[in-house]
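Following: one structure in structure tokens, then a few remarks.
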Amino acid sequence: MSITSTAPKCSRLLRLLRIQNPNCRASFIHLATEKPSAHRLPKALPSSSPAPPPPSCSPFIAQLIEVLKSEDNGSSEENEKLVEILTSLGIHSLSSDQLLQITRRLPDASTALNFLQHLRSNSPCPDDDSLSSVFEAVFELASREPNSGDKLMELFNTSKQLNLPLTVCSATLLIRCFGKGKMVDKLMLVFNELEPRKRDCDVRNVLVDELLRNGCLDDALQVLDEMLQSNAQFPANENTRRIVFDGLFKGHKYERRMSEKEIVELVSKFGAHGLFPDSIRLTKWITKFCRIGECDSAWDLLHVMMDLDGPLEVASFNALLTGLEKNGQFKKMNLLMKEMKDKGILPNVVTMGISINHLCKSRRVDEALELFEKMRAGEVGVTIEPDVIIHNTLIDGLCKVGRLEEGLALMRRMKSENNCLPSTATYNCLIDGFCKAGELEKSVELFHEMGKDGVQPNVITVNSLVDGMCKHGRAGSALEFFKEMKEKGLEGNAVSYTALIGGFFAVNKINKAMELFDEMREKFTPDAVVYYTAISGLTLAGRMDDAYLVFSEMRKAGFQPDIGCYNVMINGFCKTNKIDKAHEMLKEMTRAGMKPDNFTYNTLISYFSKNGDLKTAHKMIEEACNPDYMTLEILTEWLPGVGEADKLRKFVQGYKISDSTRSCYPQFCGQSDLSKYR
DNA sequence: GTAGGGTTAG
């Protein structure tokens with residue numbers, strides 16, 4: 001697009017003069033009285049949209065368009081004539097806003113640019129402000145044309161060459177368009193080109209918005225930093241708040257991750273200007289922070305809000321309480337509860353749910369029950385009716401500590417009070433509780449009761465019952481029940497199969513277990529637990545070749561065996577005197593970055609001791625740094641020569657296997673008999 | 001599209 005010397009061909013000028021009539025002036029007045037926008041918004045449109053037809057043209061505009069459109073390289077004489085006409089029309093006395101309005105009505109950017117050229121190449125030339133306004137309309141028109149990005153860039157350079165300062169609207173439009181067109185490196189360029197006094201809040205907001213959308217976090221933060229200073233000339237406003245807090249949560253892909261600390265810092269700076277994230281945004285942040293283990297930042301965030309008296313609702317506190325509970329920060333939970341109270345924020349049913357759940361999971365069921373009664377009686381600052389979740393939490397808590405009858409009674413109370421009926425989960429808690437206690441009949445009874453109540457069982461109901469039967473030696477009944485449910489349309493899942501497979505292994509029906517394992521593989525993608533169940537079942541049955549096959553398959557399926565799995569294999573190979581294979585496993589697990597633990601060493605120590613290879617056994621003992629109860633028992637049993645047996649026994653009495661060790665090898669730990677090692 | 005407890009199974 002050239003701006004040089006395109007003087008109009010004036011073949012039609014005479015016609016223009018001829019058709020000119022006094023109404024033209026009136027049209028001008030009409031134009032000029034169009035509502036002058038105190039705050040004009042650029043009307044950038046996607047370049048794909050067709051140029052809108054010019055608004056109902058006044059005769060003057062129609063004529064102007066005609067002249068400008070029909071031009072090509074004409075003589076300067078013709079040009080002068082046009083200028084003469086423009087002058088006679090009073091165009092040089094128009095305000096910049098009026099010029100803008102006129103230019104907007106031209107059909108395209110190129111025509112408008114020619115208009116601009118005419119205006120500036122003749123005297124008297126409108127002042128820079130007026131020309132800038134005309135250029136603003138040129139930008140607007142270009143933004144609606146195809147390939148607007150490149151065109152705008154070209155026009156931007158042109159305006160620089162002409163030394164025409166950008167208007168705020170031009171800059172805003174350019175920033176928007178370059179942002180949409182992903183011309184990231186142009187955003188700051190435009191902003192910096194704008195005179196400092198014109199870099200107002202609105203243009204900054206658009207800039208920040210586009211920078212964030214385009215991932216330029218650091219540039220955005222730098223612009224924001226200026227707006228958030230206490231003496232900022234153009235301080236952040238409500239729009240800035242919305243753009244930034246929405247933008248940051250949408251998770252545009254930034255050039256780098258914004259740390260939680262930075263977010264807290266930003267919220268704090270906004271807060272100093274009385275601008276805060278809304279309660280929902282805040283709560284989402286707190287939840288997110290807690291989920292990624294950034295509880296401390298979540299805490300800081302909420303406290304920044306509290307310190308600056310930002311708007312706060314109970315949900316944000318609930319989110320943080322949940323995070324603290326999951327991270328075991330119970331003291332902070334209490335502190336936060338107290339702060340809530342001081343701030344006058346009342347707990348709701350969710351807050352109570354968190355507290356009751358916490359107490360139940362800590363097995364402090366009596367305190368949970370006490371709180372339950374308190375909330376109903378309005379002794380927590382407000383009366384709160386417990387909902388089904390709170391009931392379920394309590395019932396589960398009671399069942400988990402073996403207070404099955406009390407759990408059952410609470411369920412009966414729900415039914416009789418009739419305002420909060422038992423759900424599937426309610427029955428599931430009870431059924432699982434009775435199953436684990438071996439009261440299978442009671443569980444089945446409850447299962448029928450839920451049917452009568454019209455409460456639908458789900459896969460968890462089925463799995464609790466199947467698992468209960470399997471764990472109590474009734475794998476056959478479990479399978480029957482499982483099939484029956486399937487016929488009724490309640491399909492099991494991999495968990496059901498895991499229970500059944502384990503159940504059949506436990507009653508030594510190895511083939512049936514493996515048959516189910518194969519059946520399961522056809523329907524579901526096996527997970528690590530079901531592989532582990534099959535591996536340990538086959539190992540206990542002494543079928544190490546099969547166990548190794550499943551072990552290999554598990555690895556092929558992409559599961560990295562954990563140390564427990566390796567230990568089972570090593571143990572199985574030792575038991576079947578395949579020490580080479582055991583060594584192979586040991587090497588492999590070390591290669592995979594796992595250190596042999598007590599269980600591994602105990603297995604090996606036991607093997608070598610039993611086989612009279614005391615030298616290797618010694619080596620193992622030295623390598624194992626933390627002898628535990630089991631190590632000492634093995635030593636006592638097999639190596640009386642290592643130390644004095646009595647001394648050892650005394651030492652042993654002070655030992656307990658840690659919970660974590662126990663949970664790693666449920667089928668081997670928690671018992672002190674050595675049979676498993678032999 | 002409106003957060004926050006959450007319940008239960010290997």
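First the proteins, then the strands, lettered A, B, ... as listed; each starts at 1.
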Just to verify, what does A/Glu588 make a side-chain hydrogen bond (donor to acceptor under 3.5 Å, both in side chains) with, not counting sequence neighbours?
A/Arg555, A/Tyr566
Interatomic distance where CG belongs to A/Leu324 and C1' belongs to B/dG5 [whole Å]
14 Å
Give me the residues of residues 377-388 of chain A where at least one heavy atom lies under 4.0 Å from an atom of DNA chain B, by number, or none.
A/Asp387
Pairs satisfying salt bridge (Lys or Arg N to Asp or Glu O under 4.0 Å), at least one member in residues 454-469 of chain A, at least two apart:
A/Asp467-A/Lys471
Taking CG from A/Asn428 and C1' from B/dT8, how many angstroms apart are they, rounded to a whole number?
5 Å
Determine whether the side chains of A/Thr424 and A/Asn458 contain a donor N or O and an acceptor N or O closer than 3.5 Å.
no
Between A/Thr287 and B/dA3, is there a side-chain N or O to OP1/OP2 distance below 4.0 Å?
no
In residues 429-446 of chain A, what residues come within less than 4.0 Å of DNA chain B, judged by heavy atoms?
A/Cys429, A/Asp432, A/Lys436
Nucleotide B/dG10, atom P - distance to OH of A/Tyr531 in whole Å
21 Å
Excluding sequence neighbours, so at least two apart, what forms side-chain hydrogen bond (donor to acceptor under 3.5 Å, both in side chains) with A/Asn237?
A/Asn205, A/Thr240
A/Glu553/A/Arg521 salt bridge by N-O under 4.0 Å criterion
yes
Return the set of residues passing side chain to side chain contact (heavy atoms under 4.5 Å, CB included) with A/Thr426 (not counting sequence neighbours), or none when no residue passes.
A/Val388, A/Asn392, A/Ile395, A/Met411, A/Met414, A/Pro422, A/Ser423
side-chain hydrogen bond (donor to acceptor under 3.5 Å, both in side chains) against A/Glu449, all qualifying residues, sequence neighbours excluded:
A/Arg412, A/Lys415
Within residues 346-361 of chain A, find the residues that approach DNA chain B with a heavy atom at under 4.0 Å, and present them sorted by residue number.
A/Asn348, A/Val349, A/Val350, A/Ile354, A/Asn357, A/Lys361
Here the distance between atom C1' of B/dG5 and atom CZ of A/Arg291, to the nearest Å, is 11 Å
Which residues, if any, of residues 457-479 of chain A bring a heavy atom under 4.0 Å of DNA chain B?
A/Ile460, A/Asn463, A/Ser464, A/Asp467, A/Lys471
With A/His358 via side chain to side chain contact (heavy atoms under 4.5 Å, CB included) - residues at least two apart
A/Glu325, A/Phe330, A/Met333, A/Ser362, A/Arg364
Of the nucleotides B/dA9, B/dG5, B/dA3, which one has an atom closest to the side chain of A/Thr322?
B/dG5
Sorted by number, the residues of residues 391-424 of chain A with heavy-atom contact under 4.0 Å to DNA chain B
A/Asn392, A/Asp396, A/Lys400
With a cut-off of less than 4.0 Å, is there a side-chain N or O of A/Thr283 near OP1 or OP2 of B/dG4?
no
Calculate the interatomic distance between A/Leu490 atom CG and B/dA9 atom C1'; express it in whole Å.
13 Å
Is the closest side-chain donor-acceptor distance between A/Asn357 and A/Lys361 under 3.5 Å?
yes
Does B/dG4 have its OP1 or OP2 closer than 4.0 Å to a side-chain nitrogen or oxygen of A/Lys288?
no
Listed once per pair and sorted, the side-chain hydrogen bond (donor to acceptor under 3.5 Å, both in side chains) pairs that draw on residues 309-318 of chain A, sequence neighbours left out:
A/Thr283-A/Ser316, A/Asp309-A/Lys343, A/Asn318-A/Asn348, A/Asn318-A/Thr351
